[in-house]
Novice: 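Mind having a look at this structure? Questions to follow.
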Amino acid sequence: MSRRPLVRECPPTTWYFRQPRYLRYMSREITSIFIGAYCVLLVVGLQRLAAGPAAWEGFLTALKSPASIVFQFLCLVAAVYHAATWFNATQKAMPIQIGEDFVPGNLISGAHYAAWAVLSLVVLFLAGVF
Amino acid sequence: MTPLKERLVQLEVLRYNPDTDTEAHFQRYEVMCQEEWVVLDALNKIKADIDPTLNYRWSCHMAVCGSCGMMINGEPKLSCHAFLRSYEGVIRVEPLAHFPVERDLVTAPDDFMEKLKRIKPYIIPKEKKPISEGEYKQTPAQLMKFRQYSMCINCMLCYAACPQYGLTPDFIGPAALTLAHRYNLDSRDGGRKERQEVVATHEGVWECTFVGACSEVCPAHVDPASALQQMKITSSIDWIVEHLVPGGKS
């Protein structure tokens, strides 16, 4: 008897609707679009800064427009979501073994959150917020 | 003794007969089941009382052998580990996703078996020594380093959960790569360099995009996603040492 197995293709454009976990994965991937777009914004800002005071002032005014504020808010949400999922994943990628036991995963992720908070405070301090 | 509760369970099972069918189709069964039963029990009752032509694999009925993996309501599960009481309404049972269907719920594991061989899932001693010199010793701490990754039962649920494997069949995949990691971490093993020829490639760990579904569905709590991410780190360090450190060798 010859074999005639049935091949069922994975749908290339709709597979992520099959399970909520795939949608969560895709939502994390999509955050990179916002982060990439914000990086472009920063590069444009640098270019405006190099172009002189008038160009820089124009850039700052554009940043305060309602559309720009919505865009920056979306970028912030995407960056926080991306960072949180990344920190939660660190315990899988970087386990620490002491003797026969492993350091609890939430300590490893927690250390990343703590470092994030400290670095954010340093950035805010350097920006003159305090 | 209190009699066991019974309930009528409806199952929609994917059927495919390679001798007569060109496509698969669903067939619905209604079967009286005990409340404590698992999906595998319901399938066994169907096969015994209703339809002896139904095909599926199973062996141990205790989540050890890894034979009875199926998609149950779209989720890769061991059918001996999927309690009927966890489901409401019609339970849809399909063969494991991403594998060719041999017949009904039986899939062809050939691709996985071939990939498993490629990662050399056995100890390659650092230095071979004669039996007269005794065993290769290992401390409990050295054992714990890889123990979790040695618990794989080869059930292939992780392959059915991994969209990367479904989309890119060349991907070596979660279970095989995790076993490579298990042997790489073993203090008695010296075969990492040989395995890297498969592991540190596009079809190896770099095809993984860390969806993480493999770890969520693993019935043995092996956590393949963690093994693959750790291998990405060690493979990256290899690359840096080889290409950026003067005189460095991986």
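Chain letters run A, B, ... following the sequence lines, proteins first and then strands; every chain starts at 1. Just the heavy atoms: all of them, side chains too, but no hydrogens, waters or symmetry mates, feed the values below.
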Novice: How about CZ on F125(A), more than 12 heavy atoms from neighbouring residues, nucleotides or ligands closer than 6.0 Å, or not?
Specialist: no
Novice: Side chain, backbone, both or neither: which part of Y165(B) has a non-hydrogen atom closer than 4.5 Å to chain A?
Specialist: neither
Novice: Please rank T107(B), D110(B), L143(B) by heavy-atom pairs under 4.5 Å with chain A and give me the top one.
Specialist: D110(B)
Novice: Which bit of P169(B) comes within less than 4.5 Å of chain A, counting heavy atoms only: side chain, backbone, both or neither?
Specialist: neither
Novice: Return the option, out of A108(B), A161(B), A97(B), with the maximum number of heavy-atom pairs under 4.5 Å with chain A.
Specialist: A161(B)
Novice: Select, from D21(B), V211(B), T139(B), the one with the greatest count of heavy-atom pairs under 4.5 Å involving chain A.
Specialist: V211(B)
Novice: For H25(B), is the NE2 atom crowded, meaning more than 12 foreign heavy atoms sit under 6.0 Å from it?
Specialist: yes
Novice: Which residues from residues 92-117 of chain A are near chain B, with near meaning under 4.5 Å between non-hydrogen atoms?
Specialist: K92(A), A93(A), M94(A), P95(A), Q97(A), G99(A), E100(A), F102(A)
Novice: Crowded around H243(B) NE2? As in, over 12 foreign heavy atoms under 6.0 Å?
Specialist: yes
Novice: What residues of residues 24-56 of chain A sit under 4.5 Å from chain B when you count only heavy atoms?
Specialist: R24(A), Y25(A)
Novice: At a heavy-atom distance under 4.5 Å, which candidate from D223(B), T22(B), I233(B), L228(B) has the highest pair count against chain A?
Specialist: D223(B)
Novice: Looking at Q229(B), E94(B), Q142(B), which makes the most heavy-atom pairs under 4.5 Å with chain A?
Specialist: E94(B)
Novice: Sub-4.5 Å heavy-atom contacts with chain B: which residues of residues 6-16 of chain A show up?
Specialist: L6(A), V7(A), R8(A), C10(A), P11(A), P12(A), W15(A)
Novice: So which part of K232(B) gets closer than 4.5 Å to some heavy atom of chain A, the side chain, the backbone, both or neither?
Specialist: neither
Novice: For chain A, find its close neighbours in residues 170-180 of chain B: heavy-atom separation under 4.5 Å, sorted by number, or none.
Specialist: none
Novice: For chain A, which candidate among M231(B), R147(B), K145(B) shows the most heavy-atom pairs at distances under 4.5 Å?
Specialist: K145(B)
Novice: Take atom NE2 in H81(B); do more than 12 heavy atoms of anything else shown fall under 6.0 Å from it?
Specialist: no
Novice: Do the side chain of R21(A) and the main chain of A213(B) share a donor and acceptor less than 3.5 angstrom apart?
Specialist: no
Novice: Might you point out which heavy atoms bring Q19(A) and G74(B) nearest each other, and give the distance in Å?
Specialist: NE2-O, 3.1 Å
Novice: Minimum heavy-atom separation for Y22(A) and P163(B), please, with both atom names.
Specialist: CE2-CD, 3.8 Å
